[in-house]
Amino acid sequence: MSTFTFATVPQIIAGPGCITRLSELTKTRLGPRVMVISDDGVVKAGLVQPALTSLADGGAEISIFTGVVADPPDAIIHAAVAQAISFGATGVLGIGGGSSLDVAKLVALLCKSGDALDDIYGVGKVSGQRLPLVLVPTTAGTGSEVTPISIVTTGAYEKKGVVSPVLLPDAALLDAELTLGLPPAVTAATGIDAMVHAIEAFTSASANNNPVSRSLAKEALRLLGANLEIAVMRGTDLSARQAMLLGAMLAGQAFANSPVAAVHALAYPIGGRYHVPHGLSNSLVLPHVLRFNATVCGDAYAELAPCLFPHLGPAGRAERLSGFVEGLALLPIHLNLPVRLRDVGIPRDGLPLLAQSAMEQTRLLVNNPRTVSQWDATQIYEAAW
């Protein structure tokens, strides 16, 4: 067995209503002055108020930053950091989707570490420490609550990542009651995002691809496959919602240690240039990347197939491989998501520039089981168009 490392969050609290546990985390982790990072939509949906109530019950003073937007630009990070420093924050709570959690990680870091944001893009470039940090997802997709990664939009379109174990939070809370109001389309897209995390972690070419991540990826796919359509079609099903949160978290733990690859590399330019939500961007290119990769990791896809599609368990290798790829191609159709790049307003003459931008995602492409050239990326986008 190869040498590997595996790191994750020290404390995970899961279950409907567990947001009330923030009162005890105020005393044990966050301290008396808590900076809360979220976005305006989550606040207006009433999802932040239970957290504020619990923090107050724990005796905390609170400052709230609600300026997070999707694909947050670096200006948002700097504004939130300035507010937290002015407030004298002793700890940071992130509550919301992946963007809010990513911003919260960087706020906790930059308030204490002395690092400059421009100096820490990439892997392992963080030199300082962070404030105490607790993360609470309100979507079941990104797994950001258990990953050492924050994604920032720099300039007009480019996305860059800060990757460091320092960004792993002290605790993550998984409360399905906070996801009950998610619209079907958001539930569907974020659920497929989580599936992509598990699939790419399982097949990652990273030297740190490991048996722990692969086991987590399989269990994540079992949970997500059994519950995604229920969560989309019957959004008030609390059991399905909690299972989706758990599945997304397990997938996050998997790819935090065995990193993602070409699906994400090709999805990032779609989000950056055309403001397509991240989960939907992944969904649009997923089947086409799977077909591209199948020539080199067909055995792995065949092994994963029964996790998502249990009826494929007794089938032979070829049928499991075909059923896996084509089942994932059909899934967004069943979930009423767009399935073509043209459906989300991307013009065909924009594909070469997308491919050029995807080639800049070297941090991700190096993990793909099959080498992706710019010509390959263009052909994948053409197939998705």
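All residue numbers in this chain count up from 1 along the given sequence.
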task = Would you mind reporting whether Q242 and L246 have side-chain heavy atoms less than 4.5 Å apart?
result = no

key: Within 6.0 Å of CD in E319, more than 12 heavy atoms from elsewhere   = no

request  = Check whether any side-chain N or O of N368 sits under 3.5 Å from a backbone N or O of A205 as a donor-acceptor pair, and report yes or no.
outcome  = no

ask   = Same cluster for L280 and V186 if Ile/Leu/Val/Met/Phe/Trp/Tyr side chains link at under 4.5 Å?
value = no

key: D40-T66 side chain donor-acceptor pair, cut-off 3.5 Å   = no

task = Say whether I151 and V276 are linked into one hydrophobic cluster, either directly or through other cluster members, by side-chain heavy-atom distances under 4.5 angstrom.
result = no

query = What distance do I192 atom CD1 and T187 atom OG1 have between them, rounded to the nearest 0.5 Å?
reply = 11.5 Å

Nearest heavy-atom neighbours spanning A220 and L250 = CB-CB, 3.9 Å

task = Answer yes or no: is there a donor N or O on one side and an acceptor on the other, between the side chain of T53 and the main chain of Q49, under 3.5 Å?
result = yes

ask   = Taking it one step at a time, do D193 and T139 satisfy side-chain contact (heavy atoms from CB on, under 4.5 Å)?
value = CA-CA 11 Å; D193 185 24; T139 63; over 6 Å; no

query = If we only count heavy atoms from C-beta on, is the T5 to N208 side-chain gap below 4.5 Å?
reply = yes

request  = Just say parallel, tilted or perpendicular for the rings of F309 and F324, cut-offs at 30° and 60°.
outcome  = perpendicular

inquiry  = Does L55 form a side-chain contact (heavy atoms from CB on, under 4.5 Å) with L30? I'd like the steps, not just the answer.
reply    = CA-CA 9 Å; L55 289 171; L30 291 169; 4.0 Å; yes

task = Indicate yes or no: at least one non-hydrogen side-chain atom of L168 is less than 4.5 angstrom from one of K105.
result = no

ask   = Do you reckon V36 sits in the same ILVMFWY cluster as V42, going by side-chain contacts under 4.5 Å, direct or chained?
value = yes

query = Any sub-3.5 Å donor-acceptor pair from S215's side-chain atoms to P211's backbone N or O?
reply = yes

request  = Output the distance between atom CG (N293) and atom OG1 (T295), rounded to the nearest 0.5 Å.
outcome  = 7.0 Å

note = Closest heavy-atom pair, V9 versus E145, reported as atoms and distance to 0.1 Å, is CG2-O, 3.5 Å

ask   = Nearest 0.5 Å, what's the OG-CG distance between S150 and L110?
value = 9.0 Å

query = For G235, does its backbone N or O pair with a side-chain atom of R241 as donor and acceptor, under 3.5 Å?
reply = yes

ask   = Honestly curious: do L364 and L290 fall in one hydrophobic cluster under the side-chain, below-4.5 Å linking rule?
value = no

key: Any side-chain heavy-atom pair of P137 and T142 under 4.5 Å   = no

message = To the nearest 0.5 Å, what is the distance between CD1 on I37 and CD1 on I95?
response = 12.0 Å

key: Derivation and outcome, side-chain contact (heavy atoms from CB on, under 4.5 Å), residues L93 and L25   = CA-CA 10 Å; L93 172 72; L25 294 178; over 6 Å; no

Nearest non-hydrogen partners of G58 and T26, listed with the distance = O-CG2, 3.7 Å

inquiry  = Quick one, R214 and S258 - any side-chain contact, counting heavy atoms below 4.5 Å?
reply    = no

ask   = Is V136 close to I19 at the side-chain level, that is, under 4.5 Å between some pair of heavy atoms?
value = yes

key: Nearest heavy atoms of L167 and P148, plus distance in Å   = CD1-O, 3.6 Å

Extract all donor-acceptor atom pairs below 3.5 Å that involve side chains of residues 340-354 and protein atoms in other chains or at least two apart in sequence.
{"from": "R340", "atom 1": "NH1", "to": "A383", "atom 2": "O", "distance (Å)": "2.6"}
{"from": "R342", "atom 1": "NE", "to": "W385", "atom 2": "O", "distance (Å)": "2.4"}
{"from": "R342", "atom 1": "NH2", "to": "W385", "atom 2": "O", "distance (Å)": "3.0"}
{"from": "D343", "atom 1": "OD2", "to": "R340", "atom 2": "N", "distance (Å)": "3.1"}
{"from": "R348", "atom 1": "NE", "to": "E382", "atom 2": "OE1", "distance (Å)": "3.0"}
{"from": "R348", "atom 1": "NH2", "to": "E382", "atom 2": "OE1", "distance (Å)": "2.9"}

query = Are the side chain of R317 and the backbone of A302 linked by a donor-acceptor contact shorter than 3.5 Å?
reply = no

remark   = dist E303:CD -> K218:NZ (nearest 0.5 Å) comes out at 3.5 Å

task = Apply the test side-chain contact (heavy atoms from CB on, under 4.5 Å) to residues L266 and H288: give CA-CA distance (whole Å), side-chain angles for both, the deciding distance (0.1 Å), then the verdict.
result = CA-CA 11 Å; L266 271 68; H288 311 287; over 6 Å; no

query = Between N209 and S206, do the side chains contain an N or O donor and an N or O acceptor separated by less than 3.5 Å?
reply = no

ask   = Do D102 and S144 meet the criterion of a side-chain donor-acceptor pair at a distance under 3.5 Å?
value = yes

inquiry  = What I want to find out is whether E24 reaches K27 closely enough, with some N-O distance under 4.0 Å, to be called a salt bridge.
reply    = no

inquiry  = Using a 3.5 Å distance criterion without hydrogens, assess whether the side chain of T90 forms a donor-acceptor pair with backbone atoms of R33.
reply    = yes

CD (Q129) with more than 12 external heavy atoms under 6.0 Å = no

query = For D71, does its backbone N or O pair with a side-chain atom of T153 as donor and acceptor, under 3.5 Å?
reply = yes

Between S204 and E200, a side-chain donor and acceptor under 3.5 Å = no

inquiry  = With heavy-atom distances below 4.5 Å as the criterion, would you say the side chains of D376 and T371 are in contact?
reply    = no

task = Would you mind checking if E326 and R291 are paired as a salt bridge, meaning a charged N to carboxylate O distance below 4.0 Å?
result = yes

inquiry  = How close do Q253 and S213 get, counting heavy atoms only, and between which atoms?
reply    = O-OG, 4.2 Å

ask   = Are K125 and D119 close enough, and set up right, to give a salt bridge (Lys or Arg N to Asp or Glu O under 4.0 Å), and what steps lead you there?
value = CA-CA 7 Å; K125 296 185 178 180; D119 294 338; over 6 Å; no

inquiry  = A side-chain contact here means heavy atoms from C-beta on lying under 4.5 Å apart; do L228 and M195 qualify?
reply    = yes

ask   = Counting only N and O atoms by type, is there a donor-acceptor contact under 3.5 Å from the side chain of S54 to the main-chain atoms of A51?
value = no

key: Minimum heavy-atom distance D170-P132, with the two atoms named   = OD2-CA, 3.3 Å

ask   = Between CZ of F255 and NE2 of H264, what distance do you get to the nearest 0.5 Å?
value = 6.0 Å

key: Worked check of side chain to side chain donor-acceptor pair (under 3.5 Å) between D74 and T154   = CA-CA 6 Å; D74 47 13; T154 60; 6.0 Å; no

query = So, the side chain of N367 versus the backbone of V260: is there a donor-acceptor pair under 3.5 Å, distance only?
reply = yes

Path from Y301 to L221 over hydrophobic side-chain contacts below 4.5 Å = yes

